[in-house]
Amino acid sequence: MSEDVKLERIDQYRWRIPRAGKMNTDGIIYADAAMLHDINKEQTFKQVANVACLPGIVGNSMAMPDIHWGYGFPIGGVAAFDCDEGIISPGGVGYDINCGVRLLRSNLDRHHIKDKIKNLIDKIFRTIPSGVGSKRKDLKLNQKDEKAVLQEGAQWAIRKGYGVTRDIECTEEHGCIPHADPELISNRALERGKSQLGTLGSGNHFIEIGYISEIYDKQIAASLGLGLDGITIIIHSGSRGLGHQICDDFIKVMLKSSEKYGIDLPDRQLCCAPLNSQEGKNYLAAMACAANFAFANRQLMAHWVRESFEHIMGEKDLGLDLIYDVCHNIAKFEDFIIDGEKRKVCVHRKGATRAFPPGHPGIGKMYRHIGQPVLIPGDMGRYSYVLVGTDQALKETFGSTCHGAGRIMSRRQAKKHGKDHTTEKELFDKGILIRAASRNTIKEELPEAYKDVADVVNVVQGAGLSKKVVKLTPLAVVKG
Amino acid sequence: MKSYEYIDHTADIGIRAYGMSLGELLQHAGEGLSNLIIDKGTITESLEKHITIDRCSLEELLVTWLGELNYLFETKGLIFKRFIVDIKANNSLYARCFGEKYNPARHAIKMLIKAVTYHQLRVEKKGDVWESCTFFDI
């Protein structure tokens, strides 16, 4: 693959990398013209083209508008593979397996609780550990418990009293990917996971109290129980050290299996195995364990967020219902109509969100009339969005859309940029409180380090891949 | 000669390490990793831990070594200030690591490392100097 990748404009929001060299299909990038320069700073187009070279790819190698450079697959990448001819790649899922987002609504109005926000965020900050050196003393897992978490996901948490049955209905895959096999996980992965269940993690993970600042679709917003000025909570976290270790362990396996099965890799981080090989099946069963750990992790944190609110507000019935929980980093078998025929493919979404349309059987009954809620977090100083999936996404992107804002500054650049600013003070002046385990994180995660998520969301709406429902504005954020 | 330097990256961060021997290179890469997580000036040498890694390729040795240090921090809270690394002729590693247990009262965590990646992974000798490049998923 040459360093220079050719790019053709299809329309205002779609750009094609025509099939060339070892590519098996075209690459398609969803973006507007203004974004393209930033997107390709680190040869991200080439990563889209590299994915197109993998065997058994079905449809195009795609990238969402929040695309940025990733290990092997770009972040924001979507690619589907044939069950017989195709491959599975840990690099197509990412190190943080089932990193994802969940959104809770409430009956609370921001005007009524403005003097409680500080107490609420402090309580959440004290209650939910970030990870290293801090864990919940009341959550002790032996290896048997941990293996149950890996097999049952969020359903384990509900069974243990951390949430309500309705939460499961509002979680992608009902909070449990089937066929998870804990016996395929290394002791090291189990050990990394053992003390980290119910912890937020660091980097871009966060818990945010916000409010609904704008409504784009009144009917769907009402169906979701989202009204203007209503308080919401976003939780963004993943499978923690357990998922990182599983990815790491299987990259070592896949480096060997790529060679074993004669797969020509344009980039070592794209290492993979045929879906129907033992190595491929083992990775999928191990990946499912990490995905289930992440579902349980977010379920526990949601439970403690509810308890924190009830404690500070001094009442129980706050309507803290789960709107939805989506995966950002995952590979799953899903059915699509391809060339007029129903076909099962393995969709890799790495920094991309499932966005199924109204009527799709993969969505719980309560949302089947409006489409699957899609949660798109932005940076800590601006806003986030709730969207819903569309038919267009199902036809064009294997039911996928964007996942967030995407970094535009390195951590060092962000810190340099933030040197002359007191990020906390500036955010405080905007009405946003920040709590973080590390002051370093606040500098690294300053809002300007990210793309404006509104631009990203406008592209997926413009391209018809999802539909805007509401905008959320932050009031207080816990960073890991 | 610098011991190590950090490589800027939009999403993550890398370390370029240098050494007059392979052992010194790995020693410096280890110091670079410790200093990414916690300011090395705040780490004391109150305990010693030994690490051995069986024979593997040079690149694998580097990834496994840094992965081991990250694992010890994440699961046991061990952070090291100094290393003495001995590489045998068959590329197996024996290291003495000097550091302490993470103490939130004295140590501010700068960042947590998810994994050591294979991206642009490199271990090579340029003239008399060994040089390596490693990127971390943050």
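Of all residues in residues 126-138 of chain B, those placing a non-hydrogen atom less than 4.5 angstrom from a non-hydrogen atom of chain A are B:F135, B:F136, B:D137, B:I138.
Atom CD of B:E124 is surrounded by more than 12 heavy atoms from other residues, nucleotides or ligands within 6.0 Å. No more than 12 heavy atoms of other residues, nucleotides or ligands sit less than 6.0 Å from atom NZ of A:K194. Within a 6.0 Å sphere centred on NZ of B:K110, heavy atoms belonging to other residues, nucleotides or ligands number more than 12. The environment of NZ in A:K140 is sparse: at most 12 heavy-atom neighbours from other residues, nucleotides or ligands sit within 6.0 Å. Heavy-atom contacts from other residues, nucleotides or ligands closer than 6.0 Å to CG of B:D54 number 12 or fewer.
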Test side-chain contact (heavy atoms from CB on, under 4.5 Å) applied to A:T441 and B:M111, step by step: CA-CA 7 Å; A:T441 308; B:M111 65 173 67; over 6 Å; no
Residue pair B:E68, A:R188: steps toward the salt bridge (Lys or Arg N to Asp or Glu O under 4.0 Å) verdict: CA-CA 10 Å; B:E68 186 70 25; A:R188 186 160 285 213; 2.9 Å; yes
side-chain contact (heavy atoms from CB on, under 4.5 Å) assessment of A:W69 paired with B:H119: CA-CA 11 Å; A:W69 183 95; B:H119 172 67; 2.9 Å; yes
Test side-chain contact (heavy atoms from CB on, under 4.5 Å) applied to B:N70 and A:R192, step by step: CA-CA 11 Å; B:N70 192 44; A:R192 284 179 78 175; 3.9 Å; yes
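Interface remark: A:E444 contributes side-chain atoms only to the contact with chain B (heavy atom separation under 4.5 Å). Using a 4.5 Å cut-off between heavy atoms, B:I113 contacts chain A through its backbone alone, with no side-chain atom that close. Contact of B:T75 with chain A is made through the side chain alone, with heavy-atom distances under 4.5 Å.
Between the SG atom of A:C247 and the NZ atom of B:K114 there is a distance of 10.5 Å, given to the nearest 0.5 Å.
Here B:D12 pairs with nothing under the salt bridge (charged side-chain N to carboxylate O under 4.0 Å, His left out) rule; sequence neighbours left out.
Listed for the A:Q269 side chain is a donor-acceptor partner under 3.5 Å among the backbone atoms of B:Y118. Side-chain atoms of A:R412 never come within 3.5 Å of backbone atoms of B:D8 as a donor-acceptor pair (strictly under, hydrogens ignored).
Residue pairs meeting the ring pair (Phe, Tyr, Trp, His ring centres under 6.0 Å) criterion with at least one partner in residues 11-57 of chain B, sequence neighbours excluded, are B:H50-B:Y94.
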Report, one line per pair, each donor and acceptor closer than 3.5 Å where one atom sits in a side chain of residues 248-256 of chain A; sequence neighbours left out.
{"unit_1": "A:D249", "atom_1": "OD1", "unit_2": "A:Q245", "atom_2": "NE2", "d": "2.9"}
{"unit_1": "A:D249", "atom_1": "OD2", "unit_2": "A:S186", "atom_2": "OG", "d": "2.6"}

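Ring geometry for B:H9 against A:Y71 counts as parallel: the plane angle stays under 30°, on a 0 to 90° scale with 60° as the upper cut.
For the pair B:Y71/A:H244, no side-chain contact is recorded, criterion being any heavy-atom separation below 4.5 Å from C-beta on. You'll find the side chain of B:Q120 stays beyond 4.5 Å of the side chain of A:R268, heavy atoms only.
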